[in-house]
A.B. asks: 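Take this structure, written in structure tokens, and hold onto it; I'll ask about it next.
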Amino acid sequence: MKFEHIDSNIIVSDLTCFDLGLTLDCGQAFRWQQKGASCWHGVAHGRALDICQEEGLLIFKNTSPEDFENVWKVYFDLERDYEALCRAFVLQDAGLRAAVEAYPGIRLLRQEPWEALCSFIISQNNNIPRIKGIIERLCQNFGDHLGGHDYAFPSAQSLAGLTVQDLAPLRAGFRAKYIIDAAQKVAGGQVLLENLKNTESSLARTELQKIKGVGPKVADCALLYGLGHTAIVPEDVWVKRILAEDYPEGFPQVEEDARGIAQQYLFHWKRMGRTESAKLKMAKGKGQIT
DNA sequence: GTCCAGGATCGGA
DNA sequence: TCCGATCATGGA
């Protein structure tokens, strides 16, 4: 990976196997908005970012070399060799081959532990557009204002003193009490998120499940997306469908630490397949397609 | 109006 | 231990 600093932009070249839009909109992160054909705007680690992908270049706008090095290079997982990873996926399994060929360039974002945990608590029995709305209202109501329309994700400390009534504007439903319990246990030190990065996965999962509203699936999402446990495959409704319909013998054999990344490819592939066939069905029902 | 959503909890068998 | 009802809200 090569990058250079021009004006206030960081331009990354020589980057293969990276699709910005797929990575930001494949159901792993909920705070990125598309701006135009190839640009996105979002907030992570308390920093707003505009980022574009054009002609093989990745352009980080209005950021500093320090933030690029310390924050964004890690967040976008730029130093992992996805080319080798995807090459292996394609050789190892027919389903993964189809997924990688249909949607190449998905990367696993390395999100902040608390944001990932909180986001996937909100995700339970919920749909992605509505998850995004609740998280946006959470940030607008309780996150630090960063200027413009941007708000940081609120810290566990800042939420720990709130009540279910305080969270009413989020319209999060039964999940509000879970958000508060998570904030209290994280802020109070009963669950030490940072330590769980280096804790064996099943032990870390048990720790996370001390929080009300955190079961195996939400715990696994926190591990995979926020705590760097890339071997974890969270079993949501889509992964259950994948296993039932495509892998009755079990999840495909890939390198241990790549299982969670393989999951992200299969998840998106399955979800898009179902969405497309549903759209087609709708169109046929309305007589738009014969 | 109905079904369902990147599930977890609770009570009863 | 297992199973079904229930949870709040709104997208499709």
Side-chain angles (χ1 to χ4, degrees), chain A residues 22-33 99 103 106-109 111 113 115-138 141 163-183 185 191 205-227 229-230 232-247 251 259-286 288-289:
Chain A
L22 282 177
T23 297
L24 295 178
D25 203 25
C26 68
Q28 58 177 324
F30 304 100
R31 296 205 63 198
W32 292 91
Q33 288 186 305
Y103 301 101
I106 294 175
R107 290 195 170 221
L108 194 73
L109 297 170
Q111 302 180 60
E115 179 174 340
L117 171 61
C118 198
S119 295
F120 282 94
I121 286 173
I122 291 167
S123 80
Q124 70 173 262
N125 197 29
N126 211 342
N127 55 60
I128 290 177
R130 188 162 170 260
I131 295 164
K132 290 181 178 175
I134 293 170
I135 291 173
E136 197 51 39
R137 293 189 288 277
L138 175 67
N141 280 280
T163 65
V164 170
Q165 287 75 17
D166 293 328
L167 296 189
L170 308 186
R171 305 197 298 280
F174 61 87
R175 306 165 192 84
K177 56 184 178 290
Y178 300 153
I179 296 170
I180 290 171
D181 190 62
K185 288 202 167 79
V191 174
R205 182 186 296 121
T206 304
E207 278 301 296
L208 289 166
Q209 288 188 230
K210 288 180 179 173
I211 296 164
K212 288 177 199 161
V214 176
K217 193 274 174 178
V218 171
D220 280 1
C221 284
L223 289 175
L224 176 62
Y225 299 117
L227 292 162
H229 289 242
T230 57
I232 293 293
V233 177
E235 283 198 22
D236 73 318
V237 290
W238 293 100
V239 171
K240 284 175 183 167
R241 276 175 199 151
I242 291 165
L243 289 170
E245 296 173 11
D246 306 306
Y247 297 100
F251 197 79
R259 284 166 51 83
I261 298 171
Q263 173 272 153
Q264 199 62 36
Y265 277 89
L266 291 173
F267 170 84
H268 189 67
W269 174 65
K270 193 70 173 179
R271 206 165 82 85
M272 291 304 105
R274 283 287 187 107
T275 308
E276 288 309 309
S277 65
K279 279 182 188 168
L280 200 59
K281 206 172 170 182
M282 289 283 288
K284 281 183 178 173
K286 290 179 180 174
Q288 294 170 356
I289 296 177

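Predicted, not measured: the structure shown is a model, and the values here were computed from it. Reminder, nothing fancy here: chain letters follow the sequence lines and each chain counts from 1.
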A.B. asks: Please output the side-chain donor-acceptor pairs of residues 115-124 of chain A that fall under 3.5 Å, not counting sequence neighbours, one pair per line with the distance.
C.D. replies:
from, atom 1, to, atom 2, distance (Å)
A/S119, OG, A/E115, O, 2.7
A/S123, OG, A/F120, O, 2.8
A/Q124, NE2, A/G213, O, 2.9

A.B. asks: List for me each residue that meets side chain to side chain donor-acceptor pair (under 3.5 Å) alongside A/D166, sequence neighbours excluded, and say none if there are none.
C.D. replies: A/T163
A.B. asks: In dot-bracket form, 5' to 3', how is DNA chain B paired? Count Watson-Crick and G-U wobble pairs only if both distances fall under 3.5 Å, and write | where the partner sits on another strand.
C.D. replies: .||||.|||||||
A.B. asks: Please give, in whole Å, the distance from C/dA8 C1' to A/I180 CD1?
C.D. replies: 15 Å
A.B. asks: Just jot down the salt bridge (charged side-chain N to carboxylate O under 4.0 Å, His left out) partners of A/K132, sequence neighbours excluded, or say none.
C.D. replies: A/D25
A.B. asks: What pairs meet the salt bridge (Lys or Arg N to Asp or Glu O under 4.0 Å) rule with one or both residues in residues 167-178 of chain A, with sequence neighbours excluded?
C.D. replies: none
A.B. asks: Between B/dT9 and C/dG10, how far apart are the P atoms? Round to whole Å, please.
C.D. replies: 23 Å
A.B. asks: Expressed as a whole number of Å, how far does the P atom of C/dC3 sit from that of B/dG6?
C.D. replies: 25 Å
A.B. asks: Using the salt bridge (charged side-chain N to carboxylate O under 4.0 Å, His left out) criterion, which residues pair with A/K217? Sequence neighbours excluded.
C.D. replies: none
A.B. asks: Taking side chain to side chain contact (heavy atoms under 4.5 Å, CB included) as the test, write out the residues that go with A/Q33, two or more places apart.
C.D. replies: A/K35
A.B. asks: Taking atom P in both C/dA8 and B/dG11, compute the distance separating them and give it to the nearest angstrom.
C.D. replies: 15 Å
A.B. asks: What string of B, S and - do you get for nucleotides 3-10 of chain B 5' to 3' if you count protein non-hydrogen atoms under 4.0 Å?
C.D. replies: --BBBSS-
A.B. asks: Ring-plane angle category for A/Y178 and A/F174, please: parallel below 30°, perpendicular beyond 60°, tilted otherwise.
C.D. replies: perpendicular
A.B. asks: What pairs with A/H229 under ring-ring contact (aromatic ring centres under 6.0 Å, His included), at least two apart in sequence or on another chain?
C.D. replies: none
